[in-house]
> 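Input: one structure, supplied below.
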Number of protein chains: 2
Amino acid sequence: MPRPDDDATAGARRGAGRPRSRVLSRRLILETGLRLMDARGDGGVGIRAIAGELGVQPSSLYNHVSGRDDLIAGVRELISDRIDVAGFDAVPWYDALERWADSYRAAFAAHPSTIALLTVTPLAEGSRTSEMYDAVVRGLVRAGWPEARALSVIVAIENFVLGAALDAAADPDMLDPRTEGRFPAFEAAFAARRESLAALGSAPAEDAYRLGLRAMLSGLRAILSGLRAERGAIGR
Amino acid sequence: MPRPDDDATAGARRGAGRPRSRVLSRRLILETGLRLMDARGDGGVGIRAIAGELGVQPSSLYNHVSGRDDLIAGVRELISDRIDVAGFDAVPWYDALERWADSYRAAFAAHPSTIALLTVTPLAEGSRTSEMYDAVVRGLVRAGWPEARALSVIVAIENFVLGAALDAAADPDMLDPRTEGRFPAFEAAFAARRESLAALGSAPAEDAYRLGLRAMLSGLRAILSGLRAERGAIGR
DNA sequence: ACCTGAACACCGTTCAAGT
DNA sequence: ACCTGAACACCGTTCAAGT
């Protein structure tokens with residue numbers, strides 16, 4: 001006769017003490033956190049929410065993560081894994097940067113509620129994220145960017161990308177003035193944009209992102225040309 | 001002989017019941033929240049933290065704000081009031097845009113710990129906000145931007161500014177690889193940036209913001225020139 | 001109308017006890 | 001080693017009672 005509290009028994013209550021087979025792992029906890037975050041927003045990364053979803057006590061998680069901050073850093077790693085840095089070995093730096101930015105935005109736009117949380121938490125040591133920065137820095141320095149400026153280029157684009165990812169998650173009609181005649185210029189611009197984008201089948205957030213990224217990359221190319229000229233190097 | 005629980009008596013405990021003179025107001029609550037946020041971070045907007053600072057019970061605040069969300073929206077209004085759109089009536093559109101972006105970021109950078117919180121909560125429908133958009137759209141259209149594109153220009157810059165504001169809220173050493181030799185390019189770039197910025201007395205977030213904004217504005221000017229040429233207008 | 005004070009349903013985290 | 005279960009110090013919010 002099988003014991004009623006066997007680990008394999010669905011819905012059975014586990015007694016105290018170490019289970020015969022491990023029920024948790026760091027990976028399982030992080031993936032559950034990301035899934036819950038997508039499903040129910042910021043509250044999803046709660047220790048208790050994840051424990052509840054996994055059918056364990058909240059305190060059990062502390063065998064695999066050191067606390068809430070560690071949990072958040074781990075979830076970011078999961079997302080960062082999908083950012084594409086392969087372009088830096090294949091195409092010109094500005095095209096690689098655009099490809100990087102596009103995949104960066106896509107990765108976070110898929111998990112909008114993580115952004116504000118993740119951007120404030122420091123980088124975990126020796127992480128996949130560090131690997132990504134290393135690849136992008138290499139590409140920029142190879143293209144002629146001064147070592148001391150590379151991270152500012154990266155952070156500038158990151159700032160824009162993360163803001164754009166937040167925007168992509170927001171209500172498309174967020175800017176609707178919902179007035180008539182009180183703000184003529186604003187109201188006219190809103191109506192004109194709606195009509196113009198409807199013809200193209202494009203979303204407002206998409207349009208602003210593409211325009212902003214193109215502008216920033218075009219500006220960065222001009223700035224790099226200036227730096228090259230300063231150093232007397234032959235520009236391209 | 002004065003009553004020991006007189007409202008005017010410093011440190012005296014108030015008894016139950018309506019006080020003889022009002023001790024709270026919405027404005028006082030919001031300003032205290034902003035002040036505490038500056039002083040002790042995200043925890044400052046807590047209902048209990050504000051109540052403690054004002055020497056009242058947590059439940060007392062509910063006579064003036066409807067809850068935590070209302071509190072946060074109110075604090076944001078306080079900050080947003082400092083965004084400067086006056087430049088659009090005084091200087092070229094790109095300079096006005098820079099001034100607008102600077103004040104936009106400064107308004108939030110003055111209260112760094114509010115950003116992560118405020119950017120998650122959707123923008124409330126406020127006439128002050130619509131007023132701001134109306135002024136910026138007017139400036140852009142007057143400069144030659146097509147009505148249908150004006151809001152994309154605005155949103156692109158807003159995305160960057162909000163991302164930069166999030167960055168300003170983060171730990172300045174957030175990107176510290178904290179490794180030795182594992183990520184040579186990344187580590188070298190981090191060290192070079194630190195040295196270069198120390199000489200200028202500038203913060204990393206500041207440097208990335210300025211570079212990104214300059215790049216974006218320069219790119220936007222190029223794009224507008226292209227649009228003008230397309231329409232056969234005389235560029236400047 | 002506006003505050004107190006108690007209560008309720010939540011958090012994250014710690015730690016002894018059990019296997 | 002890895003989980004339970006109780007406990008602790010927190011939250012935001014509700015509501016009757018008091019003036």
Side-chain angles (χ1 to χ4, degrees), chain A residues 3-9 11-30 32-33 36-37 40-75 117 121, chain B residues 3-9 11-30 32-33 36-37 40-75 113 117 120-121:
Chain A
R3 309 245 326 251
D5 61 339
D6 202 325
D7 285 334
T9 307
R13 253 225 337 283
R14 248 184 320 280
R18 182 187 185 190
R20 283 172 223 71
S21 65
R22 23 164 71 240
V23 297
L24 292 178
S25 71
R26 183 178 169 85
R27 178 155 201 92
L28 178 63
I29 290 168
L30 299 180
T32 304
L36 286 186
M37 229 168 165
R40 38 209 236 212
D42 290 45
V45 273
I47 295 281
R48 292 180 114 95
I50 294 174
E53 179 75 11
L54 291 172
V56 299
Q57 295 297 317
S59 50
S60 302
L61 301 196
Y62 288 81
N63 289 299
H64 304 274
V65 297
S66 71
R68 193 170 191 271
D69 283 356
D70 184 36
L71 191 70
I72 292 169
V75 169
L117 210 55
T121 316
Chain B
R3 310 245 329 250
D5 61 339
D6 201 327
D7 286 334
T9 307
R13 251 220 346 279
R14 248 186 320 280
R18 182 187 185 190
R20 284 173 222 68
S21 65
R22 21 161 75 240
V23 298
L24 292 178
S25 71
R26 181 178 170 86
R27 180 160 199 89
L28 178 64
I29 290 168
L30 298 181
T32 303
L36 286 186
M37 232 168 165
R40 37 208 235 211
D42 290 46
V45 273
I47 295 281
R48 294 180 113 95
I50 294 175
E53 179 74 12
L54 292 173
V56 299
Q57 295 297 317
S59 50
S60 302
L61 301 196
Y62 288 81
N63 288 299
H64 304 274
V65 297
S66 72
R68 194 170 191 269
D69 283 355
D70 184 36
L71 191 69
I72 293 169
V75 169
S113 50
L117 208 55
V120 190
T121 320

> Using whole Å, what does the distance between atom C1' of nucleotide D:dC11 and atom CG of B:L71 come to?
14 Å
> Could you check how far CD1 of B:I47 sits from P of D:dC11, rounded to whole Å?
11 Å
> Quick one: is C:dG5 close enough that its OP1 or OP2 comes under 4.0 Å of any side-chain N or O from B:Q57?
yes
> So, is A:R14 close to the D:dT4 phosphate, meaning a side-chain N or O under 4.0 Å from OP1 or OP2?
yes
> Any side-chain N or O of A:H64 under 4.0 Å from OP1/OP2 of D:dC3?
yes
> Quick one: is B:R68 getting a side-chain N or O under 4.0 Å of the D:dG12 phosphate, OP1 or OP2?
yes
> By nearest atom, which of the nucleotides C:dC15, D:dT13, D:dT14 is closest to the B:P58 side chain?
D:dT13
> Taking side chain as C-beta onward, heavy atoms only, is A:L71 less than 4.5 Å from A:I50?
yes
> On DNA chain D, compare the nucleotides closest to B:G17 and B:S60; which residue's is nearer the 5' end?
B:S60
> Mind calculating the distance between CG (B:N63) and P (D:dT14) to the nearest angstrom?
12 Å
> Rounded to the Å, how far apart are A:R40 CZ and C:dC11 C1'?
14 Å
> Given atom CZ of A:R48 and atom P of D:dG5, what is their separation to the nearest angstrom?
14 Å
> Do B:L54 and B:V23 come within less than 4.5 Å of each other through their side chains, counting heavy atoms only?
no
> Let me know the distance between CG of B:L24 and P of C:dT4, rounded to the nearest Å.
8 Å
> Calculate the interatomic distance between A:Y62 atom OH and D:dC3 atom P; express it in whole Å.
15 Å
> Might you point out which heavy atoms bring B:L36 and B:A49 nearest each other, and give the distance in Å?
CD1-O, 3.7 Å
> In terms of heavy-atom contacts, does CZ of A:R26 have more than 12 from other residues, nucleotides or ligands at under 6.0 Å?
yes
> For the residue pair A:R14 and A:G55, what are the closest heavy atoms and their distance?
NH2-O, 2.9 Å
> For B:R18 and D:dA17, give me the distance from atom CZ to atom P, rounded to whole Å.
20 Å
